[in-house]
Amino acid sequence: MSTLHILYENDAWLPPLEEALNKLDIPYVRHFVDGGTFDLGQTPPEGIWINRMSPSSHTRGHQGGVQYVSELLGWLESHGRRVINGSQAFALELSKVKQDIALRSFDILTPRTVVVVGKERLKPSARNMELPFITKHNQGGKGLGVKLFRTLEDFDAYIDGPDFIDDPGGITLLQQYIEPAEPFITRVELVNDKFVMAIHSSTESGFELCPAVECAEDDAFCPVGDSGKFSQAKDLDEDDPLIHRYIELMAALRIDVAGIEFVTGKDGHRYTYDINGTTNYNATVEEQAGVNGMDFIAALAGRLLQKTKLENAAK
Ligand SMILES: Nc1ncnc2c1ncn2[C@@H]1O[C@H](COP(=O)(O)OP(=O)(O)O)[C@@H](O)[C@H]1O
Ligand SMILES: [Mg+2]
């Protein structure tokens, strides 16, 4: 029997996916991952795999799962297992540097970004930034470490003070702050070449931005609970040239599922700054848009399972 194997580390994010899989009678196995073990001489279980590991796993004590899955995906793929959001997608998910490089290669505008490793290099590097600028972690998620600085004095005090939190890999980004023309950012949800919906997320109460209601309810670190913060973005659709570029990028880099974020600046340009693979869908916005994001993912899993079944039968 061909099965969908789900790699995950946050229980709270599973129910919507499970519900969508059950609707289609897709058999699945859950694999909770906060570390793990596999034998390189063995063959992985048959079936399709889906990677639901988040770059913010470390905030739930599961950074070991990130390391483990980073290696596991290569092993699965070397045996021909199809992974939804496989090794290439995951490498990108874990590095905003790689995201920026990918976006630029598709001529997608990004904010100016400087990469800094070594805390002692942060203050000198900041002297080469235009104010205001923001800091963020290379391994992002939930807006952790994203802070806005309007003066160098404030920045220096942050670096020297107790609030400084380092990226799990010690890689900090200094980034041009794009003052939003209107007080929201836009997140575009895409699954397997298809536009699912676009979301406006208010910037009025800060930078922490996981749009999943499930995350907010169960995760003490995720401060987003106010569904009033999110609404359907009706000002763009699948015919938008930026969406076309996102879809091309995803196809080229083998990303099956993504939530891509951009902010429209006062200059009218749209700056893209975040590609999320472990995307979660906000129920309020799904209702407004009349779609269920996880249905798209379940349908993709169903198609892939069918395909492997036919291939195995032909062997
Ligand atoms: N360059 C930027 N200019 C303005 N706002 C930004 C910029 N980068 C991030 N933000 C704000 O901070 C939030 C979190 O940043 P993001 O890069 O998405 O980190 P994470 O991966 O942790 O979600 C964004 O959703 C946005 O509101
Ligand atoms: Mg983000």
Side-chain angles (χ1 to χ4, degrees), residues 54-60 63 93-101 103-104 109-187 200-211 215-216 219-226 228-230 260-276:
S54 160
S56 65
S57 300
H58 62 288
T59 64
R60 290 173 290 276
Q63 175 70 9
E93 170 106 319
L94 296 179
S95 165
K96 287 194 189 294
V97 173
K98 290 193 174 69
Q99 292 172 24
D100 187 80
I101 292 168
L103 289 162
R104 281 165 186 267
L109 185 64
T110 59
R112 179 187 172 217
T113 304
V114 171
V115 184
V116 186
V117 179
K119 197 177 171 187
E120 73 287 0
R121 293 189 178 87
L122 282 166
K123 285 194 214 167
S125 304
R127 267 69 192 162
N128 299 321
M129 296 296 292
E130 257 179 59
L131 288 159
F133 64 83
I134 60 174
T135 55
K136 56 171 73 172
H137 291 175
N138 188 43
Q139 185 181 323
K142 303 198 305 190
L144 214 74
V146 180
K147 299 219 180 291
L148 170 64
F149 296 97
R150 296 193 182 273
T151 69
L152 286 173
E153 291 71 40
D154 286 351
F155 178 74
D156 292 352
Y158 168 64
I159 299 303
D160 295 333
D163 294 340
F164 177 77
I165 318 164
D166 210 354
D167 164 78
I171 306 172
T172 298
L173 310 184
L174 302 179
Q175 190 169 82
Q176 174 190 7
Y177 175 63
I178 310 296
E179 186 104 43
E182 292 179 75
F184 57 76
I185 63 95
T186 303
R187 176 162 165 143
H200 282 166
S201 173
S202 165
T203 50
E204 277 170 337
S205 54
F207 290 139
E208 319 255 359
L209 258 188
C210 171
C215 167
D219 188 344
F221 287 96
C222 183
V224 179
D226 175 10
K229 196 174 164 172
F230 303 104
I260 306 184
E261 297 173 16
F262 71 81
V263 55
T264 305
K266 295 207 155 140
D267 59 6
H269 293 306
R270 296 183 290 186
Y271 295 82
T272 302
Y273 60 80
D274 192 19
I275 303 176
N276 303 277

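Computation of the quantities below employed the complete heavy-atom set of this structure, encompassing side-chain atoms and omitting hydrogens, waters and symmetry-equivalent molecules. Since this is a predicted model, take the numbers as computed values, not measurements.
Each of Lys96, Arg187, Lys136 was checked for a side-chain hydrogen bond (donor to acceptor under 3.5 Å, both in side chains) with Asp274, and the lone residue meeting it is Lys96.
Closest approach of Ala181 and Gly265 over heavy atoms only: CB-O, 3.5 Å. Counting all heavy atoms, side chain and backbone alike, Pro132 lies closest to Arg150 at CG-NH1, 3.8 Å. Scanning all heavy atoms of the two residues, the minimum distance from Glu93 to Ile275 falls at OE1-O, 3.8 Å. Between Pro55 and Gly140, the closest heavy-atom pair is CB-O, 3.3 Å. Across all their heavy atoms, Pro111 and Asp100 have their closest contact at O-OD1, 4.2 Å.
Rounded to the nearest 0.5 Å, atoms NZ (Lys229) and NE2 (His200) are 14.5 Å apart. Rounded to the nearest 0.5 Å, atoms CG (Leu152) and CG (Leu131) are 5.0 Å apart. The CD atom of Glu204 sits 10.5 Å away from atom CZ of Phe184, with the distance rounded to the nearest 0.5 Å. Here the CD atom belonging to Gln63 is positioned 4.5 Å from the CD atom belonging to Gln139, to the nearest 0.5 angstrom. Rounded to the nearest 0.5 angstrom, Phe262 CZ and Thr186 OG1 are separated by 4.0 Å. Interatomic distance, CD of Gln175 versus CE of Met129, reported as 7.5 Å (0.5 Å rounding).
In this structure, the side chains of Pro180 and Pro183 stay at 4.5 Å or more apart for every pair of heavy atoms. Side-chain contact between Tyr271 and Leu103 is absent, with no heavy atoms from C-beta onward closer than 4.5 Å. Using a 4.5 Å heavy-atom threshold, the side chains of Leu174 and Val116 count as touching. Side-chain contact between Arg60 and Ser54: present, with at least one pair of heavy atoms (C-beta onward) separated by less than 4.5 Å. Lys119 has its side chain within reach of Ile159: a pair of non-hydrogen atoms, C-beta onward, lies under 4.5 Å apart. Side-chain contact between Leu122 and Thr172 is present, with at least one heavy-atom pair separated by less than 4.5 Å.
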Verdict with reasoning, Ile178 to Tyr273, per side chain to side chain contact (heavy atoms under 4.5 Å, CB included): CA-CA 10 Å; Ile178 310 296; Tyr273 60 80; over 6 Å; no
Side chain to side chain contact (heavy atoms under 4.5 Å, CB included) assessment of Thr272 paired with Ile260: CA-CA 8 Å; Thr272 302; Ile260 306 184; 3.6 Å; yes
Steps toward side chain to side chain contact (heavy atoms under 4.5 Å, CB included) verdict (Phe149, Asp156): CA-CA 10 Å; Phe149 296 97; Asp156 292 352; over 6 Å; no
Ser201 vs Glu261, side chain to side chain contact (heavy atoms under 4.5 Å, CB included): CA-CA, chis, key distance, verdict: CA-CA 10 Å; Ser201 173; Glu261 297 173 16; over 6 Å; no
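Environment of CD in Glu130: sparse, with no more than 12 heavy atoms of neighbouring residues, nucleotides or ligands closer than 6.0 Å.
Remark: the backbone N or O of Val97 is not paired with any side-chain donor or acceptor of Thr113 at under 3.5 angstrom. Judged purely by atom type and a 3.5 angstrom limit, Ser95 uses its side chain to pair as donor or acceptor with the backbone of Lys98.
Taking the six-membered ring for Trp and thresholds of 30 and 60 degrees, Phe155 and Tyr158 have ring planes inclined between 30 and 60 degrees apart.
For residues 157-171, the set of pairs meeting the salt bridge (charged side-chain N to carboxylate O under 4.0 Å, His left out) definition, not counting sequence neighbours, comprises Lys123-Asp160.
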